[in-house]
Amino acid sequence: MNSYFHYQQDQLYVEQVALADIAAKYGTPCYVYSRAALTDAYRQFADALKSREHLICFAVKSNSNLAILNLFARLGAGFDIVSGGELQRVLAAGGEANKVVFSGVGKTEAEMRLALDAGILCFNVESAAELDRLNEVAGRMGKVAAISFRVNPDVDAKTHPYISTGLKNNKFGVAYTEALALYRKAAGMAHLRVTGMDCHIGSQLTEVSPFIAAAEKVLALVDQLAGEGIKLEHLDLGGGLGIRYDDETPPSIAAYAQALLGALQGRAEKLIVEPGRVLVGNAGVLLTRVEYLKPGEEKHFAIVDAAMNDLMRPALYDAYHAIVPLTRPSPQSSDETTSHSTKHDKAVQVAGYPTSGGGGKRENQSLIFEVVGPICETGDFLGHAREMALQQGSLLALMSAGAYGMSMSSNYNTRPRAAEIMVDGDELHLIRERETVQQLFAGEKIIG
Ligand code: LLP
């Protein structure tokens, strides 16, 4: 828990607002973000890089709500997009096209046209075939596209295999060994202008060394190109810095930035970074309410009103999110402990979350729960073996849910997507209304 989410008289607050009041006002499930936490994370990044020319391109995929994009745009951010849809969001949120880099292995012609029309900063090209297509599309439009290649440095990011992208057997980027030849080709193409080099090796990295290894490999290519007269204007080192969900110890933003600056010492190229998770992950929580408690012979289930459609990370990556009560059991009742020790409650033990149970009173008895949603899939869980004192109606917060939470949500089981609320001091702003069921099937037709 960071200083933006804290207990005050046993109530969990975000900034100056009790989260239980937000749940009462807007219902559950809902995502809640702290404006101060978002601003603070961005400023830490910008401060750490201020000694050199840089652009922080927020990875829109991590959280694409317009209010969040707008907040970052006002702080000076650029954006890393992976679709035409994300570009339209950035523009609708007041982002500047000339601060946008466009990544992704499957850019369509329509997306290229949209980005060329808007005048984005750079296309991060991920294959030879994409290079040819972009040259053609730009030519037909009478434009010149600025490009960089996303080079796959073949570095092990040491993260979850689903979110590791910089190994040579991943689908991302162009092979390290082919990069020089591709740059030479691109430099001779009429409707392209080679401006940079890019790499992104994965997400939720908790060590600095893979970033540096990747940067060094990429820089060696940049030097070789310079020797051939192909001078680059910028170096894009991607995103990927991890956050603390449980017991991880990722480097601080400052330490990470310092390491990047060290690797780039004495070089003139502008630095671009594409952070997502580290800017939003710990600035948001998902609130949910216990619908039912279901005792089992081996396990107790807490069935909550949020599910894998709202927060997919546990189901998809077996990801850990701390789960804490919005109302902490009072200290008197937590003197006595039950037969269940806190050893299963990782949040209590490791991440320094306050104890969520341990009550000796019958009604406050702490048990070990599987926290699950109502979706008809065994994979629909939000947390395993969490020790808490729960009752029907208890309100809970899934912590560290600001990144890849709402943006990966779906309508599975015809569940309208959650509302999103931004807190700013003592003010509440509804930044996305809860979807209605009518919206979900508005585009569908029954045939005669
Ligand atoms: N740049 C590129 C080209 C990317 O593919 C990504 C993330 C980023 C930047 C931002 O990475 P970040 O700083 O957020 O680590 N859904 C997964 C994460 C997938 C990340 C995909 N690419 C999760 O929930 O953990």
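Whatever order the structure lists them in is the order used to number ligands and atoms, beginning at 1. Residue indices begin at 1 and follow the sequence shown.
- Every atom of ligand 1 with a heavy atom of Arg277 under 4.0 Å away is listed here by number and element: 12 (P), 13 (O), 14 (O), 18 (C), 23 (C), 25 (O).
- Atom numbering of ligand 1 starts at 1 in the shown order; those under 4.0 Å from a heavy atom of Gly240 are 11 (O), 12 (P), 13 (O), 15 (O).
- Listed by atom number, the atoms of ligand 1 under 4.0 Å from Pro275 heavy atoms are 13 (O).
- Heavy-atom separations between Asp80 and ligand 1 include at least one value shorter than 4.0 Å.
- Applying the 4.0 Å criterion to heavy atoms of Gly276 picks out, from ligand 1, the atoms 12 (P), 13 (O), 14 (O).
- Relative ring orientation between Tyr42 and Phe72 is described as tilted, the plane-to-plane angle lying within the 30° to 60° band.
- Looking at Tyr404 next to ligand 1, an N or O pair under 3.5 Å apart turns up.
- Annotation: side chain to side chain donor-acceptor pair (under 3.5 Å) contacts involving residues 60-79, sequence neighbours excluded, comprise Tyr33-Asn63, Asn65-Glu420, Asn70-Arg74.
- When heavy-atom distances to ligand 1 are checked against a 4.0 Å cut-off, Ala59 comes that close only through its side chain, counted from C-beta outward.
- Applying the side-chain contact (heavy atoms from CB on, under 4.5 Å) test between Phe58 and each of Leu75, Val90, Leu71, Val280 identifies Val280 as the sole match.
- Residue contact check for ligand 1: Ala403 places no non-hydrogen atom closer than 4.0 Å to it.
- Between the side chains of Ser103 and Asp80, at least one donor-acceptor pair of N or O atoms lies under 3.5 Å.
- For the pair Lys270 and Glu233, the minimum side-chain heavy-atom distance is 4.5 Å or more.
- A donor-acceptor contact closer than 3.5 angstrom links the side chains of Ser400 and Asn282.
- No part of Phe172 comes within 4.0 Å of ligand 1, judged by heavy-atom distances.
- Atoms of ligand 1 found under 4.0 Å from any heavy atom of Tyr317, numbered from 1 in the order shown, are 16 (N), 17 (C), 23 (C), 24 (O), 25 (O).
- Using a cutoff of 4.0 Å between basic side-chain nitrogens and carboxylate oxygens, Lys217 and Asp154 are not scored as salt-bridged.
- Contact annotation: for Glu274 versus ligand 1, heavy atoms closer than 4.0 Å belong to both the backbone and the side chain.
- For Glu228, the CD atom is densely surrounded, since the number of other residues' heavy atoms within 6.0 Å is greater than 12.
- Checked against a 3.5 angstrom limit, the closest N/O atoms of Arg313 and ligand 1 fall inside it.
- Remark: ligand 1 atoms within the under-4.0 Å shell around heavy atoms of Met408 are 16 (N), 24 (O).
- Note on residues 128-138: pairs passing side chain to side chain donor-acceptor pair (under 3.5 Å), not counting sequence neighbours, are Lys107-Glu130, Asp132-Lys185.
- Close approach of ligand 1 to Gly239 is summarised as follows: ligand atoms under 4.0 Å from at least one heavy atom of the residue are 9 (C), 13 (O).
- Closest approach of Pro153 and Ile201 over heavy atoms only: CG-CG2, 3.5 Å.
- When each atom of ligand 1 is checked for a heavy atom of Lys61 under 4.0 Å away, the hits are 2 (C), 4 (C), 5 (O), 6 (C), 7 (C), 8 (C), 21 (C), 22 (N).
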